[in-house]
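Worksheet: the structure to be examined is printed underneath.
Computed from heavy atoms alone, side chains included, the values below leave out hydrogens, waters and symmetry copies. A note on names: the letters A, B, ... follow the listed sequences, proteins ahead of strands, and every chain is numbered from 1.
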Amino acid sequence: MPELPEVEVSRLGIEPHVVGQRITAVKVHHPRLRWPIPESVHKLKGQVVVAIERRAKYLLLESAIGTLILHLGMSGSLRVVPVATERGKHDHFELVLSSEQCLRLNDPRRFGAVLWQEPDESELSLFSNLGPEPLTDDFSGELLYQRSRSRKSPVKTFIMDNANVVGVGNIYATEALFAAGVDPRRAAGRISRARYQLLAQHIKRVLARAIQQGGTSLRDFTRADGKPGYFKQELLVYGRTGQPCVNCATELKTVQLGQRRSVYCPDCQR
DNA sequence: AATGGGGCCTGATAGC
DNA sequence: TGCTATCAGGCCCCAT
């Protein structure tokens, strides 16, 4: 589910309910996510959440004594609900707040993660190889151009690699490549500077627009209040194999790149 | 160093 | 209706 926009929408959704609250209980219902949930997360009990940040697709709940790290994997979502609310089938982790509400992590496939970082701990290895945030000035077409020289993998695989730019998953990579008119199969190293500038621009635009629309809800994703995001209605190619291109009416095709399927217009994307 | 594939999981859907 | 196969938004790790 969650690519950068969905994670950011989650952050914005839970922030007003969680920041400033004291954690009155930490409940681990199913400790086996992508990695086992460490015992150290219980340190949060009694602490106040001072901020919620996002780095790539990780959410960082900061307290005076350390940071709780959340990742939503493929199927995770966060809800803020009254403590009395009955637990859902895949609610694996929760923080009970002094407001009598609680923050619950639901994740059917359990590809997500809950981790802990001490304040003085050196950066987690998870974060050490992350590229720039796409919505900041650290990310640019020039950077993509520089990093891609002599790379043979397809440009779609290249922009989905977190070392080059974070947060761009299958949906938004597919959409941005279409918007920029770039064939997803092309070797990353054989694309011009000008086209990377266009591509970077569209990556930024698509992500920002998706955040504005509350993210893309395919199956699992809902916002903190349980409502779906509306960006799905603006997807121009993702999930539309066999349908006509919105620009030229050519039939959209699918190709497998890496382990991911990619929809593209054979006419508009070159 | 770069690249490709496997694996972690459950659930929805398609096809028989 | 019920079975099986296929696919799904992420990302680490290993072999080549």
With a 4.0 Å cut-off on heavy atoms, is [X] in touch with a base, just the backbone sugar-phosphate, or nothing at all?
| X | value |
| --- | --- |
| Lys89(A) | sugar-phosphate |
| Phe231(A) | nothing |
| Asp107(A) | nothing |

Mapping Arg34(A) and Pro108(A) onto DNA chain B by nearest heavy atom, which one lands closer to the 5' end?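 So the residue in question is Arg34(A).
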Tell me, yes or no, whether the heavy-atom count around [X] atom [atom1], taken from other residues, nucleotides or ligands under 6.0 Å, exceeds 12.
| X | atom1 | value |
| --- | --- | --- |
| Glu39(A) | CD | no |
| Lys27(A) | NZ | no |
| Arg32(A) | CZ | no |

Is any side-chain N or O of [X] closer than 4.0 Å to OP1 or OP2 of [N]?
| X | N | value |
| --- | --- | --- |
| Lys57(A) | dC11(C) | yes |
| His30(A) | dC9(B) | no |
| Ser75(A) | dT10(B) | no |
| His71(A) | dC11(C) | yes |

Separation of atom [atom1] in [X] from atom [atom2] in [N], rounded to whole Å:
| X | N | atom1 | atom2 | value |
| --- | --- | --- | --- | --- |
| Leu33(A) | dG7(B) | CG | C1' | 16 Å |
| Ile159(A) | dT3(B) | CD1 | P | 15 Å |
| Leu70(A) | dC11(C) | CG | P | 14 Å |
| Asn129(A) | dG10(C) | CG | C1' | 16 Å |
| Met160(A) | dG4(B) | CE | P | 14 Å |
| Phe158(A) | dT3(B) | CZ | P | 9 Å |
| Asn106(A) | dC9(B) | CG | P | 17 Å |
| Leu257(A) | dG5(B) | CG | P | 11 Å |

Worksheet entry | Derivation and outcome, side-chain hydrogen bond (donor to acceptor under 3.5 Å, both in side chains), residues Tyr145(A) and Arg195(A) | CA-CA 9 Å; Tyr145(A) 175 75; Arg195(A) 303 200 76 203; over 6 Å; no
Scanning both residues in full, the closest heavy-atom pair of Pro244(A) with Ala249(A) reads CB-O, 3.6 Å
Could you check which of [options] has an atom nearest any side-chain atom of [X]?
| X | options | answer |
| --- | --- | --- |
| Arg110(A) | dT10(B), dT3(B), dC11(C) | dT10(B) |
| Leu126(A) | dG10(C), dG11(B), dC12(C) | dC12(C) |
| Glu3(A) | dG10(C), dC11(C), dC9(B) | dG10(C) |
| Trp35(A) | dC12(C), dT3(B), dT10(B) | dC12(C) |

| request: Drop me the distance from Leu72(A)'s CG to Phe111(A)'s CZ, to the nearest 0.5 angstrom. | output: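 Spacing of CG (Leu72(A)) from CZ (Phe111(A)) equals 14.0 Å.
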For this session: Scan side-chain atoms only and decide if Asn170(A) and Arg260(A) contain a donor-acceptor pair under the 3.5 Å cut-off.
Result: no
Indicate whether any N or O donor in one side chain lies under 3.5 Å from an N or O acceptor in the other, for Glu6(A) and Tyr172(A).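 Short answer, yes.
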| message | Using atom P in both nucleotides, what's the gap between dC9(B) and dC3(C) to the nearest angstrom? | response | 24 Å
**Message:** For the backbone of Pro184(A) and the side chain of Gln269(A), can you confirm whether one donor and one acceptor N or O come within less than 3.5 Å of each other?
**Reply:**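 Not a single qualifying donor-acceptor pair exists.
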Testing Arg104(A), His92(A), Glu94(A) one by one against His29(A) for a side chain to side chain donor-acceptor pair (under 3.5 Å), which residue passes?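 Single pass found, and it is Glu94(A).
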query = Paired stems touching DNA chain C, three or more consecutive Watson-Crick or G-U pairs with both distances under 3.5 Å?
reply =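 Stems found: B:2-8 with C:10-16, B:10-16 with C:2-8.
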Stepwise side chain to side chain contact (heavy atoms under 4.5 Å, CB included) check, Asn164(A) with Ile159(A): CA-CA 6 Å; Asn164(A) 300 318; Ile159(A) 61 171; over 6 Å; no
Atom pairs under 3.5 Å: protein N/O with N/O of nucleotides 4-8 of chain C:
residue: dA8(C); atom: N3; partner: Arg109(A); partner atom: NH1; Å: 3.2

message = Between dC11(C) and Phe111(A), is there a base-stacking contact, meaning the centre of the base's six-membered ring lies under 5.5 Å from the residue's ring centre while the planes stay under 30° apart?
response = no
